Amino acid sequence: MAQQFKRYTLTAALPYANGPKHIGHLAGAYLPADVYARYLRAQKRDVVFVCGSDEHGTAIANQAMKEGTTPQTIIDKYHELNKKSFEELGISFDIFHRTSSPLHHETAQEFFTNLNDRGLLTEEVSEQYYDAKAEAFLADRYIYGTCPNCGHDHAYGDQCEKCGKSLSPLELINPKSTLTNEKPVMRSTKHWYLPLDKYEPFLREWILEGHKNDWKTNVYGQCKSWIDGGLLPRAVTRDLDWGIKVPVKDAEGKVLYVWFDAPIGYISATKQWAIDNNKNWKDYWQSPDSKLVHFIGKDNIVFHCIIFPAMLHAHGDYILPQDVPGNEFMNLEGDKMSTSRGWSIEMHEYLHDFPNQPDLLRFTLMSILPETKDSEFTWKDFQAKTNNELVAIFGNFVNRTVVLTEKYFDSKVPEATDYTKEDLIVLQSIEAIVTRIEQAIEGYRMREAMAEALNLARLGNKYLADNEPWKLIKTDEKRVKTIMNISLQLCASLSIAWEPFLPFSTLKLKKMLGFDGTAWHLAKQTNNLATGHIITNTGLLFNKIEDTQIELQVQKLKAKAEAIAIATKVIAPIKPNVTFDDFSKLDIRIGTILEAERVPKTDKLLKLKIDTGIDQRTVVSGIAGSYDPKDIIGQQVSILVNLEPRTIKGIESQGMILMTENIAGKLSFVAPTNTDVEIGAEVR
RNA sequence: UGCGGGAUAGAGCAGUUGGUAGCUCGUCGGGCUCAUAACCCGAAGGUCAUUGGUUCGAGUCCAAUUCCCGCUACCA
């Protein structure tokens, strides 16, 4: 099974150029891919590691419309920002291309034409909503209207956020365009489809049988779920003016669907790299002795395991991915990461706040990569891992070794003579650990690989502690020379073995050691530094993170999320005027909560018993997200008592509790501010 | 609703084909002093989400349940 490949084609998910990318993206795809790429290069294998900005699609087009700018402005901004961030974090793409490039347009069009000319795409005409003012067809998400199920007046074309029901745009009552608030019209449109159903036998054999044992369970399971669920033809074109023109006559206003063009971006990126480096791109995409690996997050599994392989298979000239190590997601301080909600650490933000310390982030993220399940990043953990592991174990061992060498041997590598049994065990352990690192990386277990690499430094610390050269120096200098020689050789091994994880720090370490080896096998050798060779103490490899630094970050995170919440909070417009008589019809009283309990099988509902002064009645209220039942017994409330009763979850609700809501969505009772108001009092 | 993944010490995670529960950090105790109060040694701490089943024996297999995450096809 261990097939030897001549070359490796590695891809990392193309970041969508509508905004900056956060550390969750980094941990999901870019970091593991980078470790793999750097490792393979150290093994002197033939590798190309490609990525680039994904710059088409309705999201960017609409964002530009809303901001009153052009899509080009947006993609230029974020392409540059993300490219720079990746560079500064040491993500070693051989090329960071972009899908707006002419070469990509050409490549994607060729791909489409190849399939279309061979009759592998089907054409279909359907009726879709069209916004005449914006001159655009509307995706389901861009239509809103009244929900036929619950009457909510701002349900979207795909789903009502209020009652959760899945909808189609046709079901919406009084549909409106989110772009212009105009009423959309039905218009017929033609699109091209990739008949995925025809590739089901191929996918079944290739994935379900061929990769049953080597793909990750989460990836395999997801694929199986899709295939077993039945595949349908999938549109590969869209009505939009932002994107790659459909290369067919009379296809005005139609572009390739972004998910058709994006993965082809891997190919065009490789083409550009090949041009720049005098290589043949086909070797990396069309030669069976090349290994193609896609690094992605779990949201991307279906596109990289089902759709893109089906496209490649349909085309026929291409190899298929050998593996798709999809990662789960990384949470942040107890909540999902989200750029739009401001609950995120963007790559450029980290780089700004921790200048020249990309390796610290790499280290912590690597140690909590969401390889088998979702994981969580906290600033406190970042501090602890940096200080207690990276600094205390790795940094400290190097520092001890360098300082002792400086002190005892004038910074010259001393000669090793007469290895003891213990010395030999240590030297063998180095080789064994490095081998384990290899195996872990080749199996995409990057977290485990780095944990092993840390053991290499632990080995060094223990070796020094066991042999106590600072004592022996008084009695047996010859023995100390051997001990320090071995310690220094171990530092050289560290500088190779850690390079995939911490490229900046290992470079610094190599400078200190005056060692310029890069080949992986050198990590197992014990004579990388020649006797008499001079080393230079250029300072500590890593610095500790202070409490104040992380406190600042936590505050900053909270402040950012809050600022965005305020900025995006829309103050509801005033409703049409009502007469005093209209208002007088409402009978609102002050009541007290007597009993409260959760309504089973619901997230938000509480069943309340209210004393209204007139009677005691049952009210079902959607406040469980904000209040614990046991905390609100005795709470005074305002209650609308003459509301028509309504049955909710089988319970008749006789009235409505008046609530208001803050930015965070937390509900609050509207009740008298004084405690001397009697139950049953009217609110006027 | 359906499907996929997850639930193991205070925290973060491993646990191969079922055979006396491991690792790192944290905590506690000790040692050492070359080192960024770092390092080394040792200890405490888990009814492996719940319930039932298969088995001589289950974290590991089966069934049901609960909770978390994702997907459910045009939201990139």
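Every chain is numbered from 1 and lettered A, B, ... according to where its sequence line falls, protein lines coming before strand lines. If you're wondering where the values come from, they're calculated on a predicted model, not measured in any experiment.
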With respect to the phosphate group of [N], does any side-chain polar atom (N or O) of [X] fall under 4.0 Å of OP1 or OP2?
X      : N     : result
A:K544 : B:A38 : yes
A:K373 : B:A7  : yes
A:R447 : B:A14 : yes

Under 4.0 Å between any heavy atoms, over every strand shown, what does [X] touch: base, sugar-phosphate, or nothing? Just pick one.
X      : answer
A:N396 : base
A:T58  : sugar-phosphate
A:L541 : base
A:K474 : nothing
A:A392 : sugar-phosphate

(message) A side-chain contact here means heavy atoms from C-beta on lying under 4.5 Å apart; do A:L464 and A:S487 qualify?
(response)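 In short, these two side chains touch, coming nearer than 4.5 Å.
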(message) Are the side chains of A:R445 and A:I441 in contact, using a 4.5 Å heavy-atom criterion?
(response) no
(request) Take atom CD of A:Q222 and atom P of B:C71, then tell me their distance rounded to the nearest Å. (result) 9 Å
(request) Measure from CG on A:N387 to P on B:A37 and round the result to the nearest Å. (result) 11 Å
(request) Specify whether A:H79 and A:F96 have parallel, tilted or perpendicular ring planes, treating 30° as the upper limit for parallel and 60° as the lower limit for perpendicular. (result)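 Parallel, since the angle between the ring planes stays under 30°.
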(message) Expected output is a numbered-order residue list: members of residues 400-412 of chain A with a heavy atom under 4.0 Å from any atom of RNA chain B. What is it?
(response)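 RNA chain B contact set from residues 400-412 of chain A: A:R400, A:V403, A:L404, A:K407.
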(request) Check each residue of residues 361-371 of chain A for a non-hydrogen atom within less than 4.0 Å of any atom in RNA chain B, then write out the ones that pass by number, or none. (result)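 Contacting residues: A:I368.
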(request) State which residues pass ring pair (Phe, Tyr, Trp, His ring centres under 6.0 Å) with A:F363; sequence neighbours excluded, sorted by chain then number. (result)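 Result, ring pair (Phe, Tyr, Trp, His ring centres under 6.0 Å) vs A:F363: none returned.
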(request) Go through the structure and list residues passing ring pair (Phe, Tyr, Trp, His ring centres under 6.0 Å) with A:F260, not counting sequence neighbours. (result) none
(message) What's the closest nucleotide to the side chain of A:K462 if the choices are B:G5, B:C40, B:U36?
(response) B:C40
Do [X] and [Y] have side-chain atoms, one donor and one acceptor, less than 3.5 Å apart?
X      : Y      : result
A:H104 : A:S268 : yes
A:D76  : A:Q72  : yes
A:E346 : A:T339 : yes
A:Y463 : A:D423 : yes

(request) List the protein contact pattern of nucleotides 21-33 of chain B with one symbol per nucleotide (5' to 3'): B for base contact, S for sugar-phosphate-only contact, - for none; contact means a heavy-atom distance under 4.0 Å. (result) ---SSS-----SS
(request) Report yes if the distance between the aromatic ring centroids of A:W226 and A:Y220 is under 6.0 Å, otherwise no. (result) no
(message) For RNA chain B, please output the secondary structure as dot-bracket, reading 5' to 3'. Pairs are Watson-Crick or G-U wobble, both atom distances under 3.5 Å; mark crossing pairs with [ ], other-strand partners with |, unpaired with a dot.
(response) .((((((..((((.....[..)))).(((((.......))))).....(((((..]....))))))))))).....
(message) Check this for me, if you would: do A:R341 and A:D335 make a salt bridge, where the nitrogen-to-carboxylate-oxygen distance has to be below 4.0 angstrom?
(response)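 Salt bridge flag = yes for A:D335 with A:R341.
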